[in-house]
Colleague: 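Right, I'll just put the structure down here and ask away after.
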Amino acid sequence: MINRLALLAAGTLLFAAVPAAAHRQWMLPSATVLSGDDVWVTVDAAISNDLFYFDHQPMRVAGIKAIAPDGSDAAIANASTGRYRSTFDVHLTQKGTYKIENASSFVMGSYMLNGEEKRLPRGTTSATLAAALPAGATNVRTSEAANRNEIFVTVGAPTQAVFKPSGKGIELVPVTHPNDLVAGEAATFQFLLDGAPAAGLGVTVIPGGGRYRAALGQMDLKTDAQGKVVITWPAAGMYWLNASVGGRPEGGPMGAAGPNGPQPGAAAAAGGPAPRRASYVTTLEVLAP
Amino acid sequence: MHARTLISHSLALGIAAAPAAAETLDLGIVIPRMTVAEYHRPYVAVWLEQPSAAPRALSVWYDGAKKDNEGAKWLADVRQFWRAAGRSLRFPADGISGATRAPGEQKLSFATGRGPLPTLAPGNYTLLVEAAREVGGREVVRLPFAWPPKPGAVVKAAGTSELGTVSLSFRK
């Protein structure tokens, strides 16, 4: 049952932050390292097979927000959604690092009512779960999924404030700042799952421009006990990074967690709740030395 | 005897260790003449790297004449400079930034302990020159030198595309 739910959810929530099948969702900023006094960045946002080509679906702009270096909200400007992609601009009026994110979380699950198994309505969140359950519901099984897709752009010197963890889902904590990446150098990132170091998390990194290469160039990495992963960039360019636990994977046939990772429905079949599901996606720009 | 020793000691100091008087670094940068359809003078940055100290911006040539300092938008394209020393500055930067310069040999002088160049402790340093040209390429040359320099020492390097000969000499 949970298995079918997961499939349904993945299919119907394609336009939200949920990854589906082999399609990869991404936001691509026009630049990540910027100078000047009146600075704008423009972003393409789409869901596609190839990185970073517009060949499948646009990402919806409604869930996207930008956070300024001082923690305030920055406006999403000139948003437009076309057949294959959305675009929008952000006016970078402060010096420092901005985060542009599309994050969501929802609750899937089922309950028994009058001897019938019912599914939780689509779009249920932990805040609306109580209201979604009718009186007399029994045998409630739920599974929360948290998905986060975020990019970073910096005007002037990089700053750290936008990396303050929320404690929800998978989050990136810089050891190396994501806007300070250079080909040939090693970068270290730490990943948290619900605020704690995500040990053994599968992290997939794929360089853009695959259309002009024979090889995908995918790097499959795993975080250490502190949730840290070291990535040495083979060349300059834009890279797509994905990390996920549980659920329907995005990183490959069996997902970043591999064939031994938690599979949807496994716990449900054993009578327990479905495993924690969370995914993280970012686009990183690596500059030429 | 005692007096003679003192004199020779102070002479040695005057040559080897940095004296109170400033020493001057003279830098010549050749900007190649190019026959290209669209030519823009390059943005050029000069900075000093030293072990266990933050890199120091010494000179940046950029288009500061545009309204609202729009030329600063392209400073991040001088990539190595931007990462090492540029991104923490505000432009225009007093005593550091100036207008772009024409092809030919351009000269700069920096006195120790004045303006952007600090008094230098003995050790190994690298002076870097990076040029980035609108609708063109980018190139960095490195000039390693030991401080204090030997009298008459000249350090030279040459770029192959965006920079010609770059030479560094020293005088009192």
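In the text below, chain A, chain B and the rest are named by the order of the sequence lines, each starting its count at 1. Everything numeric in this text was worked out from a predicted model, so none of it was measured.
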Colleague: To the nearest 0.5 Å, how far apart are CG in B/Leu75 and CG in A/Leu34?
Modeller: 12.0 Å
Colleague: If contact means a heavy atom pair closer than 4.5 Å, which residues of residues 87-99 of chain B contact chain A?
Modeller: B/Arg87, B/Ser88, B/Arg90, B/Phe91
Colleague: Counting neighbours of NZ on B/Lys150 that are heavy atoms of other residues, nucleotides or ligands and sit closer than 6.0 Å, is the number greater than 12?
Modeller: no
Colleague: Answer whether the closest heavy-atom distance between the side chains of A/Ser35 and B/Trp74 falls below 4.5 Å.
Modeller: no
Colleague: Strictly below 4.0 Å, N to O, side chains only: are B/Arg83 and A/Glu185 in salt-bridge contact?
Modeller: yes
Colleague: Tell me if the NZ atom of A/Lys65 is crowded by more than 12 foreign heavy atoms within 6.0 Å.
Modeller: no
Colleague: Heavy-atom distance under 4.5 Å to chain B: side chain of A/Ala288, backbone, both or neither?
Modeller: both
Colleague: Counting only non-hydrogen atoms closer than 4.5 Å, can you tell me which residues of residues 153-163 of chain A sit against chain B?
Modeller: A/Gly156, A/Ala157, A/Pro158
Colleague: Please classify the contact between A/Val39 and chain B as side chain, backbone, both or neither, with a heavy-atom cut-off of under 4.5 Å.
Modeller: neither
Colleague: Can you measure from CG (A/Asp37) to CG (B/Asn69) and round to the nearest 0.5 angstrom?
Modeller: 4.5 Å
